[in-house]
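It should be emphasised that the depicted structure is a prediction, and the values quoted were computed from it without experimental measurement. Note on naming: letters A, B, ... go to the chains in the order of the sequence lines (proteins, then strands), and numbering restarts at 1 for each one.
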Number of protein chains: 2
Amino acid sequence: MKPSIKEIAKRLNIAPSTVSRALNDKHDISQSLKEKVNTVAKEIGYKKNSIAARLVNKKSNTIGVFFLSREHINNEENTGFKYVEVILDKIKAKNYDLIIFSVDSDLKDKKKYIDICSERQVEGAIFIGLEDTDENTELLRNIEVPTVILEKRVSGKNISYVGSDNEYGINAILDHLFQLGHKDIAFIKGPDFIECSKDRFNAFYKRMNSLNLYREDFVKTGNFRLKSGYSATQELLNGKDIPTAIVASSDLMAIGAMKAIEEKGLKIPDDISLVGYDGFEIGAFLSPALTTVYQDFQTMGIKAVDTLFSMIENNEESVNLVFKPKLIERKSTKKIFS
Amino acid sequence: MKPSIKEIAKRLNIAPSTVSRALNDKHDISQSLKEKVNTVAKEIGYKKNSIAARLVNKKSNTIGVFFLSREHINNEENTGFKYVEVILDKIKAKNYDLIIFSVDSDLKDKKKYIDICSERQVEGAIFIGLEDTDENTELLRNIEVPTVILEKRVSGKNISYVGSDNEYGINAILDHLFQLGHKDIAFIKGPDFIECSKDRFNAFYKRMNSLNLYREDFVKTGNFRLKSGYSATQELLNGKDIPTAIVASSDLMAIGAMKAIEEKGLKIPDDISLVGYDGFEIGAFLSPALTTVYQDFQTMGIKAVDTLFSMIENNEESVNLVFKPKLIERKSTKKIFS
DNA sequence: CTGTTAGCGCCTTCAC
DNA sequence: GTGAAGGCGCTAACAG
């Protein structure tokens with residue numbers, strides 16, 4: 001049996017409530033008593049039962065982090081982890097606990113996200129990797145606790161959105177390529193069930209089509225993973241015509257593309273230009289160093305938590321935060337001869 | 001006010017305890033009542049307060065995951081995330097909640113890990129990235145809840161260890177290099193406060209020294225990150241003698257090394273052989289594809305959770321699980337002319 | 001300053 | 001089958 005507050009009370013012949021107040025360092029307790037209490041507490045190895053405290057305080061001090069879409073995109077290749085990292089630190093810094101929910105059983109239980117939040121009494125929720133196809137999305141709109149959804153626009157009274165301007169990013173890439181004289185530009189899409197992935201393709205389509213440059217045979221679909229970029233590029237290079245530039249909607253797919261291009265005996269950027277998306281640090285170390293669009297996941301994660309807490313603590317309204325990514329020109333793109 | 005069990009009881013004119021039993025699908029409640037209760041529960045949007053339930057059940061249903069050492073090694077470069085991923089899924093599949101603790105405030109609060117576990121009433125703990133320098137380690141030995149520590153050997157009644165045989169891995173690399181005729185082998189160490197990092201270096205030292213091949217000027221220290229591999233290699237290549245092979249104790253450092261080697265105008269593997277460590281998928285896509293030692297983080301994570309639950313649920317004793325990594329020969333190593 | 005009382009929301013005896 | 005009572009460990013409100 002773990003020692004409780006009562007045990008301390010008994011030993012000191014005082015009331016449990018007094019012990020509680022002493023332990024919580026309340027003003028109305030004498031210094032000497034506090035010391036005595038703390039001494040005994042240490043002696044018998046007392047540790048507060050935070051579950052009990054949370055029950056009476058009606059405050060769970062917990063944020064629920066939903067880390068989804070990992071059955072489709074995993075580990076090294078999941079940008080979600082980039083958020084998780086800072087989110088973790090920020091939330092802990094606020095002295096909140098953070099409980100992570102994942103697809104696996106939580107979803108297979110057919111538990112609605114919104115119910116999970118209720119049961120666990122979380123005070124706020126953050127969603128990473130919510131997919132378009134997720135049937136749970138509709139229900140989410142009515143969530144009662146402050147919520148931030150990353151990279152997917154879901155409207156709701158308590159829901160804030162933090163995301164990146166994908167159209168801006170794609171246009172930055174295209175501006176760059178156009179400037180270098182490219183017209184035959186291929187695109188490696190990400191999966192359709194991911195909003196940012198669709199956004200990127202749509203931006204590409206819109207711009208290219210408006211310039212009468214869009215060609216369907218220059219579009220292949222991957223899944224953000226290395227291998228898929230590799231195979232998509234193989235298809236591309238085995239087509240009738242070969243593009244002068246390839247835009248991959250993730251850095252990892254771009255790295256896959258590099259391999260396919262190299263195997264085909266082509267040189268980057270001399271024979272073909274290549275652009276990635278995400279701005280992973282590793283891109284700078286490749287040869288050639290990868291031109292890409294940098295997304296500041298760190299800042300976005302921090303802002304997500306800040307937003308969440310201003311909703312929780314200051315009752316502020318939900319907001320939409322859209323960050324502009326930034327083109328990083330490196331060595332994988334080059335002016336075309338024509 | 002969220003609806004409670006009492007509310008349902010009132011509406012149905014029955015006792016709260018009956019509602020509780022109905023909701024928990026106990027045997028001694030009539031089917032018809034159960035249905036009625038569930039209907040009303042749904043109507044008024046009742047959600048169990050798991051905090052209250054946990055208090056009376058004296059079961060937190062929670063595993064604490066301590067994800068440390070992230071201030072030193074972050075995001076893309078932290079292999080810890082590879083564990084987190086599977087651990088997350090496995091624990092959720094067991095229907096446990098998982099609360100993540102991180103360095104930041106948890107540690108700066110000067111809270112001992114062991115106290116955090118007590119307060120949160122976690123039923124088990126997993127440590128990822130525990131550093132050698134962590135003053136908390138000593139205290140950990142006496143932890144009362146079943147605990148698994150990854151990649152660091154800490155002995156204690158309730159502590160299991162899951163790790164990788166680093167000496168085996170390094171020897172596999174050296175065997176491979178010796179077979180290719182290399183003798184002037186350089187080593188890029190990881191940081192000293194990480195046990196596996198030290199293990200790898202020690203294994204290197206031991207073997208090389210026993211063969212009278214060890215040279216101090218062929219050893220540089222990095223921090224597992226890309227950049228550090230890059231700079232370490234620069235130093236190496238600017239030395240008086242140049243090694244014929246470089247072993248980096250992480251894939252990421254090896255990738256940094258590649259860049260430095262290339263910049264120096266040297267070719268891999270013709271001028272210099274390079275070996276990584278970890279077996280990141282990306283290594284296969286580099287040019288040349290990176291020879292490395294593969295560690296099955298996935299399996300190790302799974303085993304860690306399995307071990308934890310056999311301690312928790314079946315009261316089994318703590319164990320030490322050591323996995324053998326596997327050399328993957330790719331294109332960055334080559335026979336030497338001499 | 002400290003003790004008494006009551007209750008957070010739920011679940012488990014023990015009656016009936 | 002169902003109801004009543006009590007308590008998990010802690011804290012807030014009110015006395016004194």
Side-chain angles (χ1 to χ4, degrees), chain A residues 1-38 40-41 44-62 97 115-123 144, chain B residues 1-38 40-41 44-62 97 115-123 144:
Chain A
M1 211 53 249
K2 281 190 185 170
S4 76
I5 226 170
K6 277 189 193 164
E7 178 66 23
I8 302 179
K10 206 187 293 173
R11 297 207 178 206
L12 252 33
N13 256 314
I14 56 177
S17 60
T18 308
V19 176
S20 167
R21 271 170 296 177
L23 253 16
N24 288 324
D25 204 23
K26 300 281 183 189
H27 316 288
D28 54 0
I29 296 284
S30 69
Q31 198 54 40
S32 62
L33 220 202
K34 281 184 188 170
E35 278 165 23
K36 272 191 227 159
V37 168
N38 281 315
V40 176
I44 65 174
Y46 167 81
K47 296 288 143 39
K48 176 198 288 221
N49 179 336
S50 63
I51 295 186
R54 284 167 189 192
L55 180 59
V56 334
N57 291 331
K58 291 166 150 272
K59 190 153 179 0
S60 70
N61 241 221
T62 300
D97 275 353
D115 291 351
I116 296 179
C117 288
S118 265
E119 284 193 14
R120 303 313 202 289
Q121 314 282 114
V122 304
E123 296 180 33
E144 295 119 353
Chain B
M1 212 51 247
K2 281 191 186 168
S4 76
I5 227 170
K6 277 189 193 163
E7 177 65 22
I8 301 179
K10 205 187 295 172
R11 296 209 178 205
L12 252 35
N13 256 311
I14 56 177
S17 59
T18 309
V19 176
S20 168
R21 272 171 293 180
L23 253 16
N24 288 324
D25 205 22
K26 300 282 183 188
H27 314 289
D28 55 0
I29 296 285
S30 69
Q31 197 53 40
S32 61
L33 219 201
K34 282 183 187 169
E35 278 166 23
K36 272 191 228 160
V37 168
N38 281 314
V40 175
I44 66 174
Y46 168 81
K47 297 287 143 37
K48 175 199 291 220
N49 179 336
S50 63
I51 296 186
R54 284 166 189 191
L55 178 59
V56 338
N57 291 332
K58 292 166 150 272
K59 189 155 182 354
S60 70
N61 242 217
T62 300
D97 276 352
D115 291 351
I116 295 180
C117 287
S118 262
E119 285 194 13
R120 302 315 200 292
Q121 314 282 114
V122 303
E123 295 179 34
E144 297 121 352

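Annotation: salt bridge (Lys or Arg N to Asp or Glu O under 4.0 Å) contacts of A/K48 (sequence neighbours excluded): none. Under the side-chain contact (heavy atoms from CB on, under 4.5 Å) criterion, B/S20 pairs with B/I5, B/N24, sequence neighbours left out. With sequence neighbours excluded, the residues forming a side-chain contact (heavy atoms from CB on, under 4.5 Å) with B/D28 are B/R21, B/K26, listed by chain and number. Residues satisfying the salt bridge (Lys or Arg N to Asp or Glu O under 4.0 Å) criterion with B/E35, sequence neighbours excluded, are absent altogether. In this view, A/N61 and A/R54, A/K59, A/Y96, A/E123 satisfy the side-chain contact (heavy atoms from CB on, under 4.5 Å) rule, not counting sequence neighbours. In terms of the salt bridge (Lys or Arg N to Asp or Glu O under 4.0 Å) criterion, B/K36 has no residue partners (sequence neighbours excluded). A search for side-chain contact (heavy atoms from CB on, under 4.5 Å) contacts involving A/K6 returns A/S4, A/P16, not counting sequence neighbours. Checked against side chain to side chain donor-acceptor pair (under 3.5 Å), B/D25 has the following partners two or more places apart in sequence or in another chain: B/K34. For A/E119, the salt bridge (Lys or Arg N to Asp or Glu O under 4.0 Å) partners at least two apart in sequence or on another chain are A/K111.
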Distances under 3.5 Å between protein N/O atoms and the N/O atoms of nucleotides 9-13 of chain D, please, pair by pair.
unit_1 : atom_1 : unit_2 : atom_2 : d
D/dG9  : OP1    : B/K58  : NZ     : 2.6
D/dC10 : OP1    : A/Y46  : OH     : 2.5
D/dC10 : OP1    : A/N49  : N      : 3.3
D/dC10 : OP2    : A/I5   : N      : 2.6
D/dT11 : OP1    : A/N24  : ND2    : 3.1
D/dT11 : OP1    : A/K48  : NZ     : 3.2
D/dT11 : OP2    : A/S20  : OG     : 2.7
D/dT11 : O5'    : A/S20  : OG     : 3.4

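Among the heavy atoms of the strands, none lies under 4.0 Å from B/I51. Nucleic acid contact class of A/S30 (heavy atoms, under 4.0 Å, all strands): sugar-phosphate only.
Nucleotides of DNA chain C with any atom under 4.0 Å from a heavy atom of chain A span, from 5' to 3', C/dC1 to C/dG9.
Shown here for B/L55 and A/I51, the closest heavy-atom pair between the two residues is N-CG2, 3.9 Å.
End-to-end axis angle of the helix from C/dC1-D/dG16 to C/dC16-D/dG1, using five pairs per end and rounding to 10°, comes to 40°.
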